Enquirer: 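Below are the structure tokens for one structure; questions will follow.
What you are looking at is a predicted structure, and each value in this text was computed from that prediction instead of being measured.
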Amino acid sequence: EVQLVESGGGLVQAGGSLKLSCAASGLTFTDYQIGWFRRAPGKDREGVAFIESDGANTHYTDSVKGRFAVSRDNAKNTVYLQMNNLKPEDTAVYYCAAYLLHRGIATAASLYNYWGQGTQVTVSS
């Protein structure tokens, strides 16, 4: 059974940092691109950060460039999202998702094969 489990969320003051983890099991991790998505209250799901299956390429939405960094450790079947200089508008439930893609970066949520349960990130002003 495929599972993606996010962790590391919490409550943080604006300007602070959090590091999210996404632990995968039940799949060949190196075959999958991993995306981080978020859903803020009253808003649609938004793609945040993406990393290619081998980690060579990444992509970020403009609002987090320079503040967030995605990385992966394929030996541990884990992807990370380091979030620095957090802003109140970053408040959302953050999800990781896996897409069977060997090259390129895909950002459409509908393409992703598996999803985690989400972890709450709350940034106070």
Enquirer: Checking side-chain polar atoms at under 3.5 Å, does T91 have a donor or acceptor matched by the opposite partner on E89?
Expert: no
Enquirer: As an exercise, state the distance from CH2 of W36 to SG of C96, rounded to the nearest 0.5 Å.
Expert: 5.0 Å
Enquirer: Is the closest basic N to carboxylate O distance between D90 and R67 below 4.0 Å?
Expert: yes
Enquirer: What verdict does the side-chain contact (heavy atoms from CB on, under 4.5 Å) test give for T122 and V12, after you've listed the backbone C-alpha separation in whole Å, the side-chain angles of each residue and the deciding distance to 0.1 Å?
Expert: CA-CA 6 Å; T122 303; V12 65; over 6 Å; no
Enquirer: In the hydrophobic clustering (ILVMFWY, side-chain contacts below 4.5 Å, transitive), which residues join V5, or is it alone?
Expert: none
Enquirer: Going through the checks in order, is the side-chain contact (heavy atoms from CB on, under 4.5 Å) test met by I34 and F50?
Expert: CA-CA 6 Å; I34 302 296; F50 305 85; over 6 Å; no
Enquirer: Can C22 and L4 be said to form a side-chain contact (heavy atoms from CB on, under 4.5 Å), step by step?
Expert: CA-CA 6 Å; C22 172; L4 299 175; 4.2 Å; yes
Enquirer: Going by the rule salt bridge (charged side-chain N to carboxylate O under 4.0 Å, His left out), which residues pair with K87 if we only count those two or more places apart in sequence or in a different chain?
Expert: none
Enquirer: Minimum heavy-atom separation for T119 and G9, please, with both atom names.
Expert: OG1-N, 3.2 Å
Enquirer: Can you tell me how far apart CG (L86) and OG (S124) are? Round to the nearest 0.5 Å.
Expert: 10.0 Å
Enquirer: If I compare all heavy atoms of A92 with all of R38, which pair ends up nearest, and what's the gap?
Expert: CB-CB, 3.7 Å
Enquirer: Of the non-hydrogen atoms in E46 and S63, which two are nearest, and what is the gap between them?
Expert: OE2-OG, 4.1 Å
Enquirer: In chain order, what residues pass the side chain to side chain donor-acceptor pair (under 3.5 Å) check against T28, with sequence neighbours excluded?
Expert: none
Enquirer: If every non-hydrogen atom of F29 is compared with every non-hydrogen atom of D73, which pair is closest and at what distance?
Expert: CE2-O, 4.2 Å
Enquirer: Can I get a per-line list of side-chain donor-acceptor pairs under 3.5 Å for residues 107-116, giving both atom names and the distance, sequence neighbours left out?
Expert:
residue: Y112; atom: OH; partner: Q33; partner atom: NE2; Å: 2.9
residue: Y112; atom: OH; partner: A106; partner atom: O; Å: 2.7
residue: N113; atom: OD1; partner: L100; partner atom: N; Å: 2.9

Enquirer: Closest heavy-atom contact between Y95 and E6?
Expert: CA-OE2, 3.2 Å
Enquirer: Applying salt bridge (charged side-chain N to carboxylate O under 4.0 Å, His left out), name anything that partners D44, two or more places apart in sequence or on another chain.
Expert: none
Enquirer: Would you say that D54 contacts T30 through its side chain, given a criterion of any heavy-atom pair below 4.5 Å between the two side chains?
Expert: no
Enquirer: Does anything in residues 76-86 form a side-chain hydrogen bond (donor to acceptor under 3.5 Å, both in side chains)? List the pairs, not counting sequence neighbours.
Expert: S17-N84, Q82-N84
Enquirer: List the atom of N57, the atom of E52, and the distance in Å for their closest heavy-atom pair.
Expert: ND2-OE1, 2.5 Å
Enquirer: When rounded to the nearest 0.5 angstrom, what distance separates CZ in F68 from OH in Y60?
Expert: 10.5 Å
